[in-house]
Each structure stands twice: as structure tokens, then as C-alpha cells.
Amino acid sequence: MNNNLERELQKVQNDLRSKIKLNNTFSSEEVVLVAGVDLAYWTEDNTDYAVCCIQVLDYQTKQVIDKAEYTGIVEFPYISGYLAFRELPFVLKAVERLESIPDVYMFDGNGYLHSRHMGIATQASFELGKPTVGVAKTYLKINNVDFTMPENKVGAFEDIVIEDEVYGRVLRSRLDVKPIFISCGNWIDLDTATNLTMHFVEQDSRLPVTTRFADLATHEVKRRYQNK
DNA sequence: GCGACAG
DNA sequence: ATCTTGTCGC
């Protein structure tokens with residue numbers, strides 16, 4: 001990619017690093033509304049489109065109490081390490097359409113588990129002003145450090161430590177299924193992020209239902225658009 | 001040329 | 001992310 005662009009994007013991310021707080025800025029009793037965020041992409045008439053879907057679940061009942069979506073033209077390419085610049089504009093537009101105010105957002109991707117601690121979950125927190133969590137399906141290698149595979153037991157995990165700093169966690173959310181990668185977005189600690197994730201993991205997916213429902217919603221929107 | 005590469 | 005059938009296993 002363009003070197004000047006990369007320097008510019010790195011500067012944006014580096015300037016935000018000092019604002020990250022990896023401790024809870026809330027008490028667990030305050031967490032009532034949890035949002036799952038995801039996007040889907042497609043091409044129509046040589047134009048790239050994306051839809052962001054957000055599903056807001058009640059922590060206790062796990063019922064969807066609010067949802068919103070935003071569809072638009074994709075303006076930014078996918079560049080590994082800079083996912084937020086591509087997806088965040090869609091997320092913010094969708095959030096505007098929510099009636100509720102989620103207490104925490106869960107993203108499909110990383111947060112602190114990023115070479116500059118600036119995965120989409122962390123970068124999003126500064127726009128949203130709310131705690132965020134990153135839940136990724138695959139590992140984005142940092143400084144050539146691999147992760148250790150956790151044992152095959154539900155809830156088993158291994159922290160991903162690079163130069164004595166914990167970046168994130170590989171979590172076995174379900175038995176006999178590939179693990180997922182949990183990291184703090186902002187204003188939340190890793191244990192709480194892990195517990196929150198496990199709380200929403202059910203039998204049909206290794207991903208928390210927050211993210212899972214958002215994923216299903218994006219696919220429905222995509223089909224709706226492609227069938228017309 | 002080859003391997004890496006969140007989504 | 002997306003393109004895509006069958007197939008192995010519970």
C-alpha cells in the first residue's frame with residue numbers, strides 16, 4: 001500500500017494509544033445492554049457495498065431488544081491492521097439509528113490485540129464513548145509471535161503475551177471447536193471481556209450470540225439487496 | 001517469486 | 001469479507 005497513507009494511518013492510531021484504559025469503568029451490575037456489531041460486503045454494478053448490522057441484547061434474557069443497520073458504498077480498502085478505517089464509518093451510521101444506548105459493544109475483530117493496540121474495537125471506543133470488546137475468529141500475528149493452543153475444555157484459555165505485555169487471549173469457547181481471540185477494546189479488563197463473551201456463547205456457535213446475530217442480520221440484508 | 005494477510 | 005458441494009461426524 002501507499003507509504004504516505006500508511007504513515008498517516010499509523011499516526012492516527014499511535015496518537016490514540018495513550019488514551020486506552022484496560023480497567024473496568026463500570027460495575028458489572030450496570031451492564032444491561034450488550035451490542036453485537038458485524039458487516040457484510042457485496043458488489044453490484046462494479047460498486048462495492050457494505051452493510052453494518054447491530055443487535056442489542058439484554059444481558060440477562062439474551063433477547064434482542066434493539067437493532068439497526070446501515071448500508072452504503074465502501075470507500076476504503078481492506079488493509080490488514082487498519083480495519084477500522086474501512087468499517088467504522090458504517091458502524092457509526094448504524095449506531096445513530098439505534099433507539100437504545102448499549103453499555104458495551106462487541107466487535108468482530110481485535111482490539112488491544114494489535115501491533116499498535118489499535119484494532120477496530122479499540123479505535124471504535126473513542127468514537128462511541130463506551131466500553132468495547134474484540135472477538136476475532138482468526139489470529140493476526142503480532143511481531144512474529146504465535147499463540148499457544150488452549151486445551152480442549154470449555155473456558156480454557158492462553159494469554160497472548162508479547163514482550164511481557166498481555167495483548168489478548170485465545171479462548172476455547174466450545175469443546176472440539178477452534179478457539180476464538182478475545183481482547184480488550186477499551187474501558188474494560190480482559191477477564192471481564194472473557195466472561196462477557198462466554199456468557200453469550202451458546203451451543204450453535206463458538207462466537208457469542210451478540211456477534212452471531214449481527215452476522216446473520218448482515219447476511220439477510222445482503223440477500224435482500226442482491227435479490228432486487 | 002513466495003508467504004502473510006482481523007474482516 | 002466473498003466465491004461454493006459435498007461430506008464427515010454427532
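Hydrogens, waters and symmetry mates play no part in the numbers below; they use all other heavy atoms, side chains included. Numbered from 1 within each chain, the chains take letters A, B, ... in sequence-line order.
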Does [N] have OP1 or OP2 under 4.0 Å away from a side-chain N or O of [X]?
{"X": "A/Thr138", "N": "B/dG7", "value": "yes"}
{"X": "A/Lys141", "N": "B/dG3", "value": "no"}
{"X": "A/Tyr78", "N": "B/dA6", "value": "yes"}
{"X": "A/Lys137", "N": "B/dG7", "value": "yes"}
{"X": "A/Lys222", "N": "C/dT2", "value": "yes"}

Practice prompt. Check every atom of B/dA6, C/dT2, B/dG7 against the side chain of A/Asn110 and return the nucleotide holding the closest atom.
Written response: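 My answer, after comparing the listed nucleotides, is B/dA6.
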Item to complete: Side chain of A/Ile120 only, please: which of B/dG7, B/dA6, C/dT2 is the nearest?
Response: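 Output: B/dA6.
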In whole angstrom, give the distance that lies between atom [atom1] of [X] and atom [atom2] of [N].
{"X": "A/Asp108", "N": "C/dT2", "atom1": "CG", "atom2": "P", "result": "10 Å"}
{"X": "A/Gln226", "N": "C/dC3", "atom1": "CD", "atom2": "C1'", "result": "11 Å"}
{"X": "A/Glu6", "N": "B/dC5", "atom1": "CD", "atom2": "P", "result": "15 Å"}
{"X": "A/Asp146", "N": "B/dA4", "atom1": "CG", "atom2": "P", "result": "10 Å"}
{"X": "A/Ile79", "N": "B/dG7", "atom1": "CD1", "atom2": "C1'", "result": "13 Å"}
{"X": "A/Ile160", "N": "B/dA6", "atom1": "CD1", "atom2": "C1'", "result": "12 Å"}
{"X": "A/Phe76", "N": "C/dA1", "atom1": "CZ", "atom2": "P", "result": "19 Å"}
{"X": "A/Ile180", "N": "B/dG7", "atom1": "CD1", "atom2": "P", "result": "11 Å"}

Worksheet item: Can you get from A/Val145 to A/Val170 by hopping between Ile, Leu, Val, Met, Phe, Trp and Tyr side chains that sit under 4.5 Å apart?
Response: yes
Worksheet entry | Same cluster (ILVMFWY, side-chain, under 4.5 Å), A/Val161 and A/Phe157 |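 Yes, A/Val161 connects to A/Phe157 through the hydrophobic network.
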Roughly how many Å apart are [M] and [N], using the [atom1] atom of each and rounding to a whole number?
{"N": "C/dT4", "M": "B/dG3", "atom1": "P", "value": "25 Å"}
{"N": "C/dG6", "M": "B/dG1", "atom1": "P", "value": "36 Å"}
{"N": "B/dC2", "M": "C/dT5", "atom1": "C1'", "value": "30 Å"}

Discussion item. Among A/Tyr78, A/Tyr82, A/Tyr41, exactly one meets side chain to side chain donor-acceptor pair (under 3.5 Å) together with A/Glu87. Which residue is that?
Written reply: A/Tyr41
Worksheet item: Does the gap between the ring centers of A/Tyr167 and A/His114 come in under 6.0 Å?
Response: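 No - the distance between ring centres of A/Tyr167 and A/His114 does not fall below the 6.0 Å cut-off.
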Item to complete: Using distance alone, with no hydrogens and no angle criterion, decide if A/His199 and A/Gln60 have a side-chain donor and acceptor under 3.5 Å apart.
Response: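 Side chains of A/His199 and A/Gln60: no pair found under 3.5 Å.
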Discussion item. We want to know whether A/Asp48 and A/Thr43 form a side-chain donor-acceptor pair, criterion being a heavy-atom distance below 3.5 angstrom.
Written reply: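 Yes, A/Thr43 and A/Asp48 have a side-chain donor paired with an acceptor closer than 3.5 Å.
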NA contact type, [X], heavy-atom cut-off 4.0 Å: base, sugar-phosphate, or nothing?
{"X": "A/Gly134", "result": "nothing"}
{"X": "A/Tyr49", "result": "nothing"}
{"X": "A/Ala40", "result": "sugar-phosphate"}

